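No hydrogens, no waters, no symmetry mates; every other heavy atom, side chains included, goes into these values. Bear in mind the structure is a predicted one, so any value in this text is a computation, not a measurement.
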Amino acid sequence: MQKQYPDKYETWFFFPGPGLGWDPYRDFINNTLKTELDASQHDKHNWHSAPCVWLEKSDGAKELLGGGDRFREWAVRTFSQSDPGNRGILSLATREPSVMTDEFFDDKDTGAAGQR
């Protein structure tokens, strides 16, 4: 998304350090986000798949999408199939992730606003 629409999307990512397993990591994200989200979003707050994805809008509002499954659903709703430029986004969003094909994470700076 960020590569296709650099003026519209920024990407940030965070990897927990050594000793911070899945449950403490999820608790950290949940507790941090819960203080910043409107109460109407708390039902989506209990995400169970990675990554945890939320949108931060230009007015400062945050929208929790949830886990990777909800992020893929959002991408399918958001990016038009009629735009050939969205093919790459939609090809990733319409399939289940696989360790065999998605294990590598490209953390090179591709113009994203920041990396953590």
Side-chain angles (χ1 to χ4, degrees):
M1 293 173 7
Q2 193 280 326
K3 288 178 182 178
Q4 182 65 24
Y5 299 101
D7 295 336
K8 188 169 183 172
Y9 296 99
E10 297 175 354
T11 56
W12 297 79
F13 46 87
F14 166 79
F15 292 102
L20 184 60
W22 171 253
D23 289 331
Y25 171 66
R26 186 174 63 182
D27 291 345
F28 168 75
I29 294 291
N30 281 342
N31 293 335
T32 301
L33 282 177
K34 197 171 218 176
T35 64
E36 299 179 13
L37 292 173
D38 181 89
S40 67
Q41 295 191 61
H42 289 187
D43 63 327
K44 294 187 266 184
H45 192 61
N46 193 16
W47 54 279
H48 296 283
S49 64
C52 176
V53 179
W54 67 91
L55 305 175
E56 295 187 20
K57 302 184 178 185
S58 59
D59 65 359
K62 291 180 175 65
E63 176 186 355
L64 178 65
L65 298 180
D69 49 351
R70 300 296 173 248
F71 177 49
R72 291 189 300 278
E73 291 169 1
W74 172 86
V76 169
R77 288 191 312 270
T78 302
F79 299 101
S80 171
Q81 291 182 358
S82 63
D83 182 343
N86 292 335
R87 284 186 188 143
I89 296 168
L90 293 170
S91 71
L92 292 172
T94 55
R95 68 171 175 77
E96 287 296 316
S98 166
V99 172
M100 299 304 289
T101 58
D102 299 322
E103 185 174 290
F104 173 74
F105 181 80
D106 182 3
D107 64 351
K108 304 286 186 282
D109 185 353
T110 59
Q115 303 169 10
R116 295 181 184 192

Heavy-atom side-chain contact between Arg70 and Val53 under 4.5 Å: no
So, do Asn86 and Tyr5 sit near enough that their side-chain heavy atoms are less than 4.5 Å apart? yes
At what distance, to the nearest 0.5 angstrom, does CG of Asp7 lie from CD of Gln2? 9.5 Å
Taking the side chain as every heavy atom from C-beta outward, state whether Arg72 and Arg95 have any pair of such atoms under 4.5 Å apart. no
In Å, rounded to the nearest 0.5 Å, how long is the span from CZ of Arg87 to CD of Gln81? 11.0 Å
Looking only at heavy atoms, which two atoms of Gly88 and Ser91 are closest? And how far apart? O-OG, 2.9 Å
Nearest heavy-atom neighbours spanning Ala93 and Val76: CB-CG2, 3.9 Å
How many angstroms lie between atom CZ of Phe71 and atom CG of Leu92, to the nearest 0.5 angstrom? 9.5 Å
For Ile89 versus Ala75, what's the shortest heavy-atom pair and its separation? CG2-CB, 4.4 Å
Over all heavy atoms of both residues, which pair between Trp74 and Met1 is shortest? Give the atoms and the distance, please. CZ3-SD, 3.4 Å
